[in-house]
Amino acid sequence: MPMASADESNRLIQNRRTNLEAVRAAGGAAYPNRFVVTSTTAAIRERFGDTPAEDLAKVGEQFRLAGRIMALRAHGKTAFADLHDRTGRIQLFVRKDQLEGAGTETLSHLDLGDLVGAEGGVLRTRTGELSVEVTNIVLLAKSLRPLPEKWHGLKDVETRFRERAVDLLVNPGVREIFVKRARIIQFIREFLSSRGFLEVETPMMQALPGGATARPFRTHHNALGMDLYLRIAPELYLKRLVVGGLDRVFEINRNFRNEGLSTRHNPEFTMLEFYQAYATHEDLMALTEEMLSECAREILGSAQIEYQGQPIDLSPPWGRLSLRDAITRHTGIAGDALADRGSALEAARALGVKLKDDDSLGRILAKVVDALVEPHLVQPTFVVDYPTEVSPLSRPRDDDPSLVERFEAFIGALEVANGFSELNDPDEQRRRFLSQLDNRDPDDPDVDMDIREIDEDYIRTLEVGMPPTAGEGIGIDRLVMLLTNSHSIREVILFPQLRPEHGRGVAGEGGEPPSSESA
RNA sequence: GGGCCGUUAGCUCAGUCGGUAGAGCAGCUGACUCUUAAUCAGCGGGUCGGAGGUUCAAGUCCUCCACGGCUCACCA
């Protein structure tokens with residue numbers, strides 16, 4: 001049952017179906033199986049970009065290209081078309097009377113967005129544009145739906161994310177973001193691999209969601225008859241591998257957190273985690289500076305980048321601030337006010353930070369950083385000296401066990417990395433886990449009280465003996481945001497999570513409003 | 001979940017004080033053998049997100065709902 005509002009759309013689609021039938025009637029295959037491609041638009045440009053017209057005329061070689069028709073300018077018996085392929089675009093020049101087979105009908109019934117194979121020689125048009133003079137054109141696949149307008153593109157944000165294929169087709173900047181994303185990830189793989197890190201894959205489905213504090217997604221395994229959780233972090237598994245003698249490991253994969261969506265949060269997001277035995281958090285800060293500045297140089301050509309209108313210099317060394325100094329510097333709360341829980345709570349609340357009455361001192365400090373300090377940390381900054389009570393997996397400082405050897409890296413007011421020297425004392429780890437379990441707030445809707453155990457298996461693994469190790473997580477999506485100057489995480493995730501829209505087939509064909517069945 | 005803003009043709013957008021819904025592109029018909037935002041002539045295309053309400057009259061005002069954006073909360 002087509003909706004009345006789709007009338008115009010249906011009519012445009014019907015036109016295109018009629019054109020498809022015309023090609024069929026002329027003996028052309030509608031969706032032919034194979035067209036042998038012998039060149040690309042970029043290859044032709046590369047080879048003939050500087051060749052003058054008179055020399056092009058002597059080439060005499062035929063090229064076979066395939067791609068999508070993105071512009072069409074017909075002139076009676078001739079036509080110009082822009083053919084886009086994965087490497088770029090080139091202009092096709094067609095004389096109808098030179099076409100073979102069903103070519104004339106194919107050309108006459110061509111629509112914007114059609115996929116075609118074209119064969120011909122090269123020439124330069126009167127205006128000097130390198131073009132392919134087409135002698136054979138084959139419809140490879142019909143585009144039945146009208147594309148968005150040619151110079152405004154597709155702007156509507158919701159439609160862009162719901163119809164990402166169309167977004168990628170008509171908005172070149174979108175494609176560039178995902179090309180950069182792929183290159184960033186490739187760079188990181190090579191960077192870590194060249195330093196002896198082994199890439200591994202650890203469980204996405206875990207019996208106990210560990211390695212972070214976040215509300216997990218739950219699922220059920222039928223054959224095992226048990227609930228499982230989508231992982232919120234791979235941390236505990238990666239450290240098991242370090243115990244197993246894989247001294248340097250990394251994983252780039254998805255984490256899942258059942259929490260709010262925002263311009264900086266998607267329920268599934270990509271995390272790099274890596275662990276290096278016999279290293280400390282200091283070593284990882286140095287490695288992070290080097291990796292990210294090199295990455296920017298490799299991808300953008302410079303360690304000087306611009307993010308949301310602000311220049312940022314990723315060159316080492318980055319700034320370093322203790323958590324308390326960061327608070328004092330960016331909020332004006334005096335250092336001694338941060339010394340005890342009561343005065344810290346009062347000072348933070350005075351500045352509008354939402355806190356619970358029983359929040360611990362460490363938790364107060366961490367929340368103040370998130371709320372008031374993070375927005376100021378535009379230039380790359382390591383915040384260090386986190387409180388032990390908010391860092392259950394980190395190694396305490398030898399000279400002050402109330403603090404841990406931990407850092408978070410902020411760039412462009414985004415939290416990009418979190419790393420620390422790992423706690424490898426199994427007895428202390430058990431105490432921390434138990435304390436975490438005991439201190440949960442049963443009234444907090446985000447706390448899963450069904451989880452009643454600690455990860456004894458992990459403790460047992462630590463008892464085998466984990467070398468002194470440092471580990472770190474880097475949010476890949478946020479890093480890509482930074483290096484592509486993207487304001488929202490949705491711009492750097494191909495299919496960001498959206499609420500399903502009624503009346504559009506999201507999960508399958510023919511979705512319809514639930515209300516249509518009633519009455 | 002709260003606040004603010006948005007939703008008009010396939011796409012990008014106008015729509016004044018509440019008084020018969022518009023443009024450009026895309027589409028259709030015709031002309032055109034070098035255009036590239038092709039040009040020229042003509043034509044069609046609307047559940048104004050949905051449902052109620054106020055009114056002689058609602059795209060416009062009110063209420064609720066849906067979806068989205070920003071933001072706050074949440075998120076070590």
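Per chain, numbering begins at 1; letters A, B, ... match sequence-line order. Side chains are part of it too, since the values below use all heavy atoms of this structure and drop only hydrogens, waters and symmetry mates. This structure is a prediction, so every number in the text was calculated from the model and none was measured.
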For this session: Output all residues satisfying side chain to side chain donor-acceptor pair (under 3.5 Å) with A:Glu389, sequence neighbours left out; order by chain, then residue number.
Result: A:Ser360
Problem set entry | Residue list, side chain to side chain donor-acceptor pair (under 3.5 Å) with A:Thr87, at least two apart or on another chain | A:Thr41, A:Asp85
For this session: Go through RNA chain B and write down every stem, that is, every run of at least three consecutive Watson-Crick or G-U wobble pairs with distances under 3.5 Å, as range with range.
Result: B:1-7 with B:66-72, B:10-13 with B:22-25, B:27-31 with B:39-43, B:49-53 with B:61-65
For this session: Answer with yes or no whether A:Glu158 presents, from its side chain, a donor or acceptor under 3.5 Å of a partner atom in the base of B:U7.
Result: no
For this session: Tell me what A:Arg257 touches on the nucleic acid: a base, only sugar-phosphate, or nothing, going by heavy atoms under 4.0 Å.
Result: nothing
For this session: Spell out, as yes or no, whether a donor-acceptor pair under 3.5 Å connects the side chain of A:Thr125 to the backbone of A:Ser131.
Result: no
Seminar exercise, completed: ring pair (Phe, Tyr, Trp, His ring centres under 6.0 Å) filter on A:Phe93, not counting sequence neighbours, yields A:Phe80
Exercise. Among all residues two or more places apart in sequence or in another chain, which pass the ring pair (Phe, Tyr, Trp, His ring centres under 6.0 Å) test with A:Phe420?
Worked result: none
Exercise. Which pairs with one or both residues in residues 68-84 of chain A pass salt bridge (charged side-chain N to carboxylate O under 4.0 Å, His left out), sequence neighbours excluded?
Worked result: A:Arg73-A:Asp82, A:Asp82-A:Arg89
Exercise. Heavy atoms under 4.0 Å, any strand shown: does A:Arg406 hit a base, just sugar-phosphate, or nothing?
Worked result: sugar-phosphate
Exercise. Can you name the residues that form a side chain to side chain donor-acceptor pair (under 3.5 Å) with A:Glu415, not counting sequence neighbours?
Worked result: none
Give each protein N/O atom lying under 3.5 Å from an N/O atom of nucleotides 22-28 of chain B, with the pair distance.
unit_1: B:C25; atom_1: O3'; unit_2: A:Lys150; atom_2: NZ; d: 3.4
unit_1: B:A26; atom_1: OP1; unit_2: A:Lys150; atom_2: NZ; d: 2.9
unit_1: B:G27; atom_1: O2'; unit_2: A:Asn15; atom_2: ND2; d: 2.5

Exercise. Quick one: side chain to side chain donor-acceptor pair (under 3.5 Å) partners of A:Glu346, sequence neighbours excluded?
Worked result: none
